[in-house]
Amino acid sequence: MNSSIEFPHTGRAAVIIKAAPDIGQRHGETVCVAGIDYDGNWHRLYPVPFRDLRENQKFGRWDLISFRWRNAPDDRRLESKRVDPQSIEVIGSVPKAERHSLARRALVADLDKELAENKSFALIQPEQPRFSVIRYSESEIDKERRQRDELHRQTDMFSDPAISKEPPPYRFNYKFKFAGKDRNYNCIDWETEATFFKWRERYGEKIAIQEMQRVFGEEWPKKGIAFAMGTHRNQNWRNWLLSGVLRVNKSDQLELI
């Protein structure tokens with residue numbers, strides 16, 4: 001079927017979040033992607049089979065992408081869009097000098113108010129963030145490893161899954177205050193997990209953890225940090241998830257990375 005008929009709408013957004021790849025029965029290995037446009041609106045794009053995209057379609061944080069989409073029949077969240085993966089195009093990247101002002105258009109001061117307005121994405125600036133690296137139990141690691149092994153068995157030599165065969169042995173957690181409430185979240189940002197693996201390969205596990213704690217626990221909170229919060233698809237679970245971590249300098253003159 002013609003893409004413009006099946007996916008009648010078009011959109012553009014700056015990529016903010018790539019959640020860790022999910023292994024599902026229906027779509028296989030997919031990634032949930034979220035971005036904001038220049039009006040500060042969120043766009044949740046799903047399913048994105050990232051490893052199956054052409055090389056010139058693969059994007060990173062702050063890349064500007066265009067896409068075709070239609071309403072997601074099984075996801076009523078306002079920002080959710082069923083995207084046509086073949087239509088995704090990388091059309092540029094947000095200049096560093098513009099990232100701060102772009103991100104601030106999505107900042108909110110009250111997560112409860114956002115939920116009441118049926119919003120499912122929000123960018124917040126936490127107070128007193130405390131970062132910790134917590135080791136998974138052996139049973140949790142074994143369960144995740146079995147899922148990943150099954151995915152890799154389903155693929156052939158020409159389709160290497162984007163998700164690593166080895167699950168991360170740690171979860172990355174933030175405790176903080178926001179709007180007068182104590183908060184406690186594990187980070188599900190794919191880039192945080194990827195950073196751990198990259199640094200472990202480069203420095204070894206002990207130093208990688210030390211670097212994670214230094215950068216995410218000290219350097220970023222000191223200079224300024226923002227959390228991209230999202231909600232679960234199941235409307236009965238109206239809880240926020242920590243979907244992405246951004247460094248947002250406190251000064252308007254400083255930049256985001």
Side-chain angles (χ1 to χ4, degrees), residues 14-21 31 33-36 59-63 93-104 106-107 111 122-138 140-141 144-145 162-179 181-230 240-257:
V15 175
I16 300 295
I17 297 169
K18 282 193 298 182
V31 174
V33 175
I36 54 177
F59 48 79
R61 178 173 286 172
W62 295 116
D63 277 343
S93 182
V94 181
K96 284 190 175 182
E98 297 179 11
R99 293 174 183 177
H100 183 73
S101 61
L102 176 59
R104 292 190 70 85
L107 284 174
L111 287 174
L123 190 67
I124 65 172
Q125 291 186 305
E127 302 168 25
Q128 305 171 26
R130 289 167 291 157
F131 178 75
S132 58
V133 180
I134 303 169
R135 188 171 183 84
Y136 282 116
S137 69
E138 289 304 318
E140 290 172 321
I141 294 174
E144 181 68 17
R145 184 179 288 120
I163 193 169
S164 70
K165 199 168 185 177
E166 180 186 2
Y170 302 97
R171 56 189 170 93
F172 306 103
N173 178 274
Y174 273 104
K175 293 180 181 177
F176 58 95
K177 293 182 180 295
F178 182 73
K181 295 183 179 179
D182 292 323
R183 313 272 179 168
N184 185 349
Y185 294 97
N186 293 323
C187 181
I188 61 173
D189 186 3
W190 188 12
E191 295 193 12
T192 306
E193 176 182 318
T195 297
F196 166 76
F197 282 123
K198 181 176 68 176
W199 287 355
R200 188 176 69 170
E201 182 176 356
R202 183 179 301 171
Y203 306 119
E205 185 160 314
K206 182 178 179 180
I207 294 179
I209 293 172
Q210 291 174 347
E211 281 298 289
M212 296 286 290
Q213 291 172 328
R214 182 185 67 81
V215 173
F216 291 99
E218 299 174 16
E219 181 178 315
W220 285 25
K222 183 177 180 180
K223 292 181 176 178
I225 197 168
F227 293 158
M229 310 297 291
W240 291 101
L241 308 170
L242 176 50
S243 302
V245 180
L246 304 174
R247 190 172 74 76
V248 182
N249 285 321
K250 296 177 181 177
S251 166
D252 290 342
Q253 301 300 316
L254 300 178
E255 64 183 6
L256 293 165
I257 60 173

Would you compute the distance between atom [atom1] of [X] and atom [atom2] of [Y] and round it to the nearest 0.5 angstrom?
X      : Y      : atom1 : atom2 : value
Leu242 : Ile17  : CG    : CD1   : 9.0 Å
Tyr170 : Ile209 : OH    : CD1   : 3.5 Å
Thr195 : Met212 : OG1   : CE    : 6.0 Å
Ile207 : Arg200 : CD1   : CZ    : 13.5 Å
Leu111 : Trp240 : CG    : CH2   : 5.5 Å
Glu138 : Ile141 : CD    : CD1   : 4.5 Å

Does the plane of the ring in Trp199 sit parallel, tilted or perpendicular to the ring in Phe216? Use 30° and 60° as the thresholds.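 Geometry flag for Phe216 against Trp199: tilted rings.
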Phe227 vs Phe176 aromatic rings, parallel, tilted or perpendicular, using cut-offs 30° and 60°?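 If you compare the ring of Phe227 with that of Phe176, the planes turn out perpendicular.
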Pair Arg214 + Glu219, salt bridge at N-O below 4.0 Å: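 A salt bridge links Arg214 with Glu219.
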Any salt bridge linking Glu218 with Lys222? Criterion: basic side-chain nitrogen under 4.0 Å from a carboxylate oxygen.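 Judged by the 4.0 Å cut-off on N to carboxylate O distance, Glu218 and Lys222 do not form a salt bridge.
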Considering only heavy atoms from C-beta outward, does the side chain of [X] approach that of [Y] to under 4.5 Å?
X      : Y      : result
Leu246 : Arg61  : yes
Val33  : Phe59  : yes
Met229 : Tyr185 : yes
Phe131 : Cys187 : no
Lys198 : Glu191 : no

For the pair Phe172 and Val245, evaluate side chain to side chain contact (heavy atoms under 4.5 Å, CB included) and give the outcome as yes or no after the intermediate values. CA-CA 11 Å; Phe172 306 103; Val245 180; over 6 Å; no
Short side-chain to backbone donor-acceptor contact, Glu140 and Ser137, under 3.5 Å: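 The answer is yes, because a donor-acceptor pair under 3.5 Å joins these two groups.
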Identify the residue among Lys177, Lys175, Gln128 that makes a side chain to side chain donor-acceptor pair (under 3.5 Å) with Asp182.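 Exactly one option meets the side chain to side chain donor-acceptor pair (under 3.5 Å) with Asp182, and it is Lys177.
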Closest approach of Val94 to Ala14 (non-hydrogen atoms, all atoms of both residues):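 Heavy-atom minimum between the residues: CG2-CB, 3.6 Å.
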Testing the basics here: between Leu123 and Ala103, what is the closest heavy-atom pair and its distance to 0.1 Å?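 Closest heavy-atom pair between Leu123 and Ala103: CD2-O, 3.4 Å.
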Can you name the side-chain hydrogen bond (donor to acceptor under 3.5 Å, both in side chains) partners of Arg183, sequence neighbours left out?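 Arg183 satisfies side-chain hydrogen bond (donor to acceptor under 3.5 Å, both in side chains) with no residue once adjacent residues are dropped.
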Would Ile16 and Trp62 count as a side chain to side chain contact (heavy atoms under 4.5 Å, CB included) here? Give the steps. CA-CA 6 Å; Ile16 300 295; Trp62 295 116; 3.6 Å; yes
